Structures are given as C-alpha cells and as structure tokens.
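Read through the structure below, which is laid out as structure tokens, and then see the notes.
Along the sequence shown, residues are numbered consecutively beginning with 1. The structure presented is a predicted model; accordingly, all values stated were derived computationally and were not measured. In each ligand, atom 1 is the first atom listed, and ligand 1 is the first ligand listed.
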Amino acid sequence: MNKIIRKTEELEQWRLELKNDINFIPTMGNLHDGHLKLISTAKSSNCNINLVSIFVNPLQFESKEDLKNYPITIGKDIEIACSAGADAIFIPDRADIYPPNNKSISYLKASKELSSALCGIRREGHFDGVCTVVFRLLKLVQPKNLYLGEKDWQQLLILKNLVLEKKLNVNIISIPTQRDSDGIPLSSRNVHLSNKERKLIRFFSNELLIAKNNFKKEKKINLKEIIQKLSAEKILIEYLDHLHPYTLQNLGADDNISILAGAIRCGKTRLIDHVFLMKRSPIIAIDGPAGSGKSTVTKLIANKLKLLYLDTGAMYRALSWLLLKEKIDYKKETELNHILKDISIVFKSNANSHQDIFINNYCVTEEIRSQEISSIVSKISSIKEVRQLLVEEQRKIGESGGLVAEGRDIGTTVFPDAELKIFLTASINERAKRRKSDKKSKDSQEIDLNKLKELIKKRDFEDSNREISPLIKANDAIEIITDGYSINEVVDKIIDLYNDKIPKEIQIQ
Ligand code: PAF
C-alpha cells in the first residue's frame with residue numbers, strides 16, 4: 001500500500017526512517033499524462049523512493065477566481081500517481097505549508113532577470129510564489145532529485161537558478177513537453193477547454209511547430225507574420241516572443257538555439273506553449289592536454305548521447321601519415337600546398353561500431369597510432385596551412401551539429417559557439433602515471449616516471465605556446481580536473497552538464 005502523508009511532522013518521521021534517497025515530483029494535482037511521465041521517468045531512472053506532492057499553492061495565483069476554479073481531483077490523482085510508480089504521496093494543507101505566524105518561512109523573490117520576460121511580466125508575483133513553495137517543499141522533503149517538466153520552461157530556469165543561488169543539494173531532472181496526439185501540450189488547465197477553444201490552441205501550437213520546421217531551413221522567423229495568422233483566427237495573444245533560451249533576454253546574432261514562446265487566452269483559460277529553434281543541433285567541445293583522458297571520455301559520451309564523434313587528432317595524424325607515405329617535404333610550401341589541394345578525410349563507422357578514418361580513400365585507423373606518426377604529428381599540426389585546411393574540414397563535418405569533438409582548439413577555434421565546452425585536464429603526475437600504465441603504449445611503459453613527466457611538461461609547453469591555435473581554455477569552458485575520478489564519473493559529470501543545459505526536446509530530435 002502506498003503511503004499517504006498529510007502532515008509535515010509525519011513527513012519528517014517517514015523521511016528519517018527511509019534508507020533510500022528521494023526522487024521528488026511536486027505537483028498541484030489534477031494529474032495528467034505529463035505528470036505520469038515525470039513519475040515514471042523518476043521510477044525508471046534509479047532505485048530511490050518516489051514522492052509526489054499535491055498542493056495547490058495559493059501564492060502563485062494572481063486572481064482569487066483562478067485559484068477557486070483550479071480543478072481539485074485528489075482521489076483520482078492518488079490512483080494515477082500510484083499507477084505511475086509513486087511510493088508515497090504528500091498532500092499537505094495550506095496551514096502545513098504556510099503555518100500562520102511562523103517566522104521561519106522564507107517568502108522568496110524569483111530571479112529578477114529571468115522573471116522579467118514572458119509570463120513573468122504578465123503574472124506579477126507568480127514566480128515568487130513558485131520559488132517560495134518549492135523552496136519550502138525542498139526543505140521539508142530533502143530529495144536527491146527534483147523532477148520538473150520543460151513545458152514550464154521559464155519556471156524550470158527560475159527553479160534551477162534558485163537551487164544554485166541557495167546552494168541546495170538537489171539535482172534537477174527535466175522531461176520534454178508532453179503533447180496530446182493533436183499536438184497541444186498537456187496541461188491541467190486543458191479540462192476547461194471547449195471544443196472550439198481546443199481547436200484554437202491546436203492552431204496556435206501547430207503554428208509554433210511550423211515555425212520551428214521553417215527555421216531549420218530558413219534560419220529565421222517572421223514574428224509579425226505568425227501574429228497575423230493567429231489574429232486572423234481570432235486567437236487572443238498575450239505575448240509571442242523570440243528570445244535567448246537560457247537568459248530569456250534578447251538574442252545575439254550568433255546565438256544558435258533560441259526559444260519561441262507564447263501565451264494565449266481561450267475563454268477563461270490561459271495557455272502557454274513554446275518551441276526551441278535551432279540553426280544546427282548542439283555541439284560539445286572537449287579540449288585538453290595530452291593524457292587527460294579526452295579520447296576515452298569523448299567516445300563514451302558520443303555513444304551514450306548518440307552524437308557523432310569527431311576526433312580531430314586523428315585527422316592531423318591521418319594527414320601526417322599521408323605526408324610520410326608520399327615523402328612530402330612539408331617544409332617546402334609548394335610541395336605541401338600541392339598535396340593539400342586535393343585531400344579527402346572521412347570517418348566511417350565500422351562493423352564493430354567503431355570509427356574508421358580514411359584519407360584519400362585509404363583506411364588508416366591502425367597505422368596512424370604508430371610511434372613514427374606520434375613523433376611528427378605535433379609539428380605537422382602546427383603548420384598554418386594544415387591547420388587552416390583541417391579546421392575548415394572539421395567545421396564542415398560539424399555544420400549541422402549533433403556532435404562531440406575532441407582536440408586542443410575546439411572550443412576556441414573550431415566551434416567557438418559550441419553549447420557546452422569542457423576543458424579536461426589532470427595533474428602532470430596523474431597523466432604520467434596513466435601513460436605508464438597504458439597497455440596500448442609499450443614505449444611509455446618502459447620509460448621512467450620522472451622522464452615521462454618531463455616529456456608531458458615539454459608537450460604541454462609546445463601545445464600551449466605554438467603560434468597557431470594553441471591549447472588554451474576557452475573563457476566559457478568548464479574545467480574538469482580528473483585526478484582521483486574514474487572515467488565513468490567524468491563521463492557522467494559531462495552528461496549531467498549537457499542535460500542541465502540542453503532541453504530534452506532538442507536532444508531527442
Ligand atoms: O508546475 C507546477 O505544477 C507548480 O508550479 C509547482 C512546481 C508544483 C509548484 O507549485
């Protein structure tokens with residue numbers, strides 16, 4: 001039998017007796033398939049206890065009328081939550097959440113920047129109310145994970161900001177907007193819609209989806225035109241804005257991902273919807289010095305996130321192989337330029353789901369890992385013409401995004417607009433130890449540890465001080481020092497950062 005908890009003291013007692021961590025799914029009841037998806041995602045992602053709360057928070061309603069009309073369906077909600085995998089349901093009343101005369105309750109203000117757009121402008125105090133209740137609930141429940149829907153994207157950003165600001169020890173996990181078969185987003189307020197109103201919201205949501213598809217081809221949208229089309233259907237638009245997806249401020253010319261968000265009124269009901277517009281799919285850039293574990297980590301990330309894996313180092317190695325094979329004196333500009341003129345470098349997945357690299361139709365996957373190539377690749381990759389050509393090739397491969405690239409200049413030169421930039425490093429000591437125990441590198445196993453440290457220091461110096469595309473951390477890159485962490489821990493950390501930044505809706509396209 002699932003546990004129903006009504007009082008805060010009861011909740012505390014229950015929590016203290018638990019042996020597992022808590023997944024928390026806060027709701028205002030009137031549960032629909034969107035909530036069901038939140039609960040079932042929580043259930044399937046770990047072995048934690050799943051707690052759903054049902055509390056209609058008066059602080060987030062601007063009008064008493066709206067609060068009064070909010071649908072209350074507790075009996076049905078308990079049934080739905082349990083069937084989706086809730087282990088316990090917390091149904092406090094108002095006096096439990098906001099005990100009168102209790103000075104310890106913090107009435108919070110939402111981030112000024114994030115609430116000064118979209119719904120924040122039209123629903124004064126709404127996000128302050130959301131922050132207040134969620135903060136109070138988090139203090140009571142103390143969950144490990146908090147599950148929220150991306151349908152309320154602005155709310156999600158504001159709550160992520162709250163967790164950061166208050167240094168709360170909780171992970172936020174989001175799920176993409178759930179839509180009905182006719183395309184309209186699931187919402188507790190949909191029950192109020194008449195057939196005619198439902199038709200209007202369907203028109204609105206479909207217009208957003210059309211804009212998203214057009215944007216893929218044209219890389220621009222015409223807001224006025226969309227507003228005209230909606231107005232012609234007599235749809236009452238509260239707002240329709242095209243903004244930066246994380247700051248909700250105006251867009252910069254180079255921004256790749258943006259949000260097109262709107263609110264409309266259908267009779268007494270107010271409905272919101274949004275789509276993300278993308279010039280290309282997201283890119284992860286992973287840079288770092290030799291021996292930082294980049295290749296292993298990048299390959300695993302590509303695999304887990306189903307992204308294309310771009311090993312830029314392999315491209316420099318393949319070119320070095322060709323120059324050796326063709327006995328090109330790369331110091332002679334004319335000879336070098338001649339061979340660079342007609343070069344093709346392609347990656348292809350092989351039967352083992354690994355990647356083969358071909359240069360001018362030769363498969364060189366194995367040969368480029370020889371010591372002979374290792375000894376010249378650094379020199380070759382610092383030649384201006386080589387760098388220019390391969391950076392151009394890499395950009396072509398990444399034109400439509402959806403990839404994770406590793407190298408030394410990805411976040412600074414190749415894809416300076418990558419959505420997530422990681423600078424992966426480790427102490428010289430750690431990198432030397434890793435080299436020494438690297439089974440694939442027989443030469444390193446035989447070298448003394450102090451000598452290996454010297455070699456790594458020298459390589460770092462060369463890579464960081466070369467004139468063209470030196471190894472430097474991009475300003476907006478997140479540095480991860482991998483000393484003491486396992487490969488899987490580093491991979492999970494980067495995937496968490498990606499999930500935190502990139503809306504799920506975009507990830508699954
Ligand atoms: O999204 C909701 O249902 C509510 O805003 C929340 C997060 C449960 C807070 O009352």
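- Residues Tyr70 and Phe61 place their aromatic rings such that the two centres sit under 6.0 Å apart.
- Among Glu10, Arg15, Glu17, the one residue that satisfies the side chain to side chain donor-acceptor pair (under 3.5 Å) test with Gln13 is Glu17.
- The distance between the ring centers of Trp14 and Phe90 does not fall below 6.0 angstrom.
- Interface of Thr27 with ligand 1, defined as ligand atoms under 4.0 Å from a residue heavy atom, comprises 8 (C).
- Test Asn23, Asn145, Asn499 against Asn171 for side chain to side chain donor-acceptor pair (under 3.5 Å) and you get one pass: Asn145.
- Close contacts of ligand 1 with Pro26, meaning ligand atoms under 4.0 Å from a residue heavy atom, involve 8 (C).
- Using bins of under 30°, 30° to 60° and over 60° for the plane-to-plane angle, the ring pair His242/Phe215 lands in the perpendicular bin.
- Close contacts of ligand 1 with Val133, meaning ligand atoms under 4.0 Å from a residue heavy atom, involve 9 (C), 10 (O).
- If you check which protein heavy atom lies closest to atom 1 (O) of ligand 1, you get Gln155 NE2, 2.8 Å.
- Within the listing of ligand 1, atoms 4 (C), 5 (O), 9 (C), 10 (O) sit less than 4.0 angstrom from a heavy atom of Gln60.
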